[in-house]
Protein chains: 2
Amino acid sequence: MKKPERPADLSAQIAQSIRDAIVGGRLLVGDRLPSESELAEQFSVSRPTVREALKRLAAQNLIRTQRGATGGAFVNHLSYAEAHNQQITTSTLLLSMNAISFDVACEARYALERACAPLAAARRTRAQLDTLRAEIGIQSRPRLTDEAFCASDVTFHRALVDAAGNPVLSYQLAGAVEAMQPLMNMITFSARSRDIILGLHTEIADALEHRDPAGTDSALLELESYTRNLARSLLAPRAAHS
Amino acid sequence: MKKPERPADLSAQIAQSIRDAIVGGRLLVGDRLPSESELAEQFSVSRPTVREALKRLAAQNLIRTQRGATGGAFVNHLSYAEAHNQQITTSTLLLSMNAISFDVACEARYALERACAPLAAARRTRAQLDTLRAEIGIQSRPRLTDEAFCASDVTFHRALVDAAGNPVLSYQLAGAVEAMQPLMNMITFSARSRDIILGLHTEIADALEHRDPAGTDSALLELESYTRNLARSLLAPRAAHS
DNA sequence: GTTTCTTCATATGTCTGACATTTAGGATTT
DNA sequence: AAATCCTAAATGTCAGACATATGAAGAAAC
């Protein structure tokens, strides 16, 4: 059923070959790859072709290049921050290109957030609580734009996720939460909506402060159902759009 | 504190410029970009430089290229499958390069899986149940290698996640689950361990069949604690390694 | 008139060779 | 001994050329 082995571009092949070497551990973090000329000779291609392959890898943050005498391409240490960014752009595109409904994205997001609620209740630090309170303070400002409100919302929920104290969870979830921001930005929040959300945010922060997993969970559940209902009522009329 | 605005490579700038156009909606899915020569003229650079920029975008699955008279670079429709692959490679690298402990990764994974357990219990289809049962059948074969056992485990858990019926969740979680496989492969499973895991898998499948969220959750919880204890006892002696 | 074949224009894929720029380290000078 | 200059090596960029794939227009056959 699949296409009969159309040989890919040379640059793609070379990129895959080097990628395999990195993933397979034959090239370690910090290692320097052979120079472009040497690679060209090894793979029996020209330098521009090698360069295209290297650019592909650079786009995935797998390598970084340095100019100069001792320069070259080095296997990059993929930091959480870089991985975050990649995940956010991928997730954002995925959501925007596949006509994901707000409802489905919202369900996924709150399912994931509730997954780390118990961990957050057990491990939250003072500093993380302060962040939550600070964002609540921002969200209660009367003249805040919708965009700023959403941005603060993202920060709040990221802090909530970070409070779980598991970097892998933070990485996975930050992508999901931030990717939803464009969708959230489509919603205009009335003063009354903001009050309700603010109340639930406060409830969450209180529950975390008292290390109360059940309270955190129920507040998140309420927040989810309120957000989804709000979106349904606001977005329903414009559903016939592309 | 940040580096003083070192201007990036031309190819990186051009790639970013086109990326912005795609993310910002000025280029829509299916749109054809100008030809390489035209782009070279627009950005006042040479064709190889444009090509390096395009390869960067191609590496992120943002565009796809076609040869021939009506060929060119087209804005790609980012499918779930492609997004999956990207996420898996990113997650795998992240885990391997940051010396994530098995324990932390495991905690994250089961937290996420438990998040979709209630949804799966409510929505699982007959076909998904059959997949779960089939994998349980595979896992009960006596002469299965550890790798095959782990691979089947991944399939089982992916089916569990898919049963939640939320593509966004599936996308996020499949990455997390598959990225853990290299870590899982470091564990050797005794016959007794396999029996226990198999029993818990059966328990999960049964609970899903009866649409029992609590049962699913408790089985997953037990599986998590068993897996983490198993890993602790097996991997602890070799902790002083790199 | 319709179908089939050929030709052609156009675009990507690749190669060659060159020059520009950055950078570390050695050679030279003070 | 220290500061400076020089050089070599590597990436970054350019120009032009040829190879190859592919859809479309035009020509030939029915």
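Basis for what follows: all heavy atoms, side chains included, without hydrogens, waters or symmetry-related copies. As the structure is a prediction and not an experimental result, all values here were calculated from the model. Residue numbering restarts at 1 for every chain, and letters A, B, ... go by the order of the sequence lines.
- Comment: B:R51 does not engage A:D9 in a salt bridge, judged by the lack of any side-chain N to carboxylate O separation of less than 4.0 angstrom.
- Distance check, rounded to the nearest 0.5 Å: CG of B:L78 to CD of B:E82 gives 6.0 Å.
- Using a 4.0 Å cut-off on heavy atoms, the residues of residues 47-64 of chain B that approach DNA chain C are B:R47, B:R51, B:K55, listed by number.
- Checked against ring-ring contact (aromatic ring centres under 6.0 Å, His included), A:F43 has no partners two or more places apart in sequence or in another chain.
- B:H157 pairs by the ring-ring contact (aromatic ring centres under 6.0 Å, His included) definition with B:H201, not counting sequence neighbours.
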Between protein and nucleotides 3-6 of chain C, what N or O pairs are separated by less than 3.5 Å?
none

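- The phosphate of D:dG12 has OP1 or OP2 within less than 4.0 Å of a side-chain N or O from A:T65.
- Rounding to the nearest 0.5 Å gives a distance of 12.5 Å between CD of A:Q181 and CG of A:L95.
- From B:I18, atom CD1 reaches atom CG of B:L39 across 5.5 Å, with rounding to the nearest 0.5 Å.
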List the steps, then state whether side chain to side chain contact (heavy atoms under 4.5 Å, CB included) holds for A:R109 with A:E224.
-> CA-CA 9 Å; A:R109 169 186 163 165; A:E224 172 182 0; over 6 Å; no
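- Within residues 31-39 of chain A, the residues approached by DNA chain D to less than 4.0 Å at the level of any non-hydrogen atom are A:R32, A:S35, A:E36, in residue-number order.
- The distance from the CG atom of B:N166 to the CG atom of B:L173 is 9.5 Å, given to the nearest 0.5 Å.
- If you measure from atom CD of A:Q66 to atom P of D:dA10, you get 13 Å, rounded to the nearest angstrom.
- Between the P atom of C:dC15 and the CD atom of A:E41 lies a distance of 14 Å, rounded to the nearest Å.
- Nearest to the side chain of A:S46, among C:dT12, C:dT16, C:dA24, sits C:dT16.
- In this structure, CD in A:Q60 is found 7.0 Å from CD in A:Q86, a value given to the nearest 0.5 Å.
- With rounding to the nearest 0.5 Å, the separation of CD in B:E52 from CG in B:L57 is 12.5 Å.
- Evaluation of atom-type donor-acceptor distances gives a pair under 3.5 Å for the side chain of A:R67 against the base of C:dT21.
- Annotation: side-chain hydrogen bond (donor to acceptor under 3.5 Å, both in side chains) contacts of B:Q16 (sequence neighbours excluded): B:R19, B:D20.
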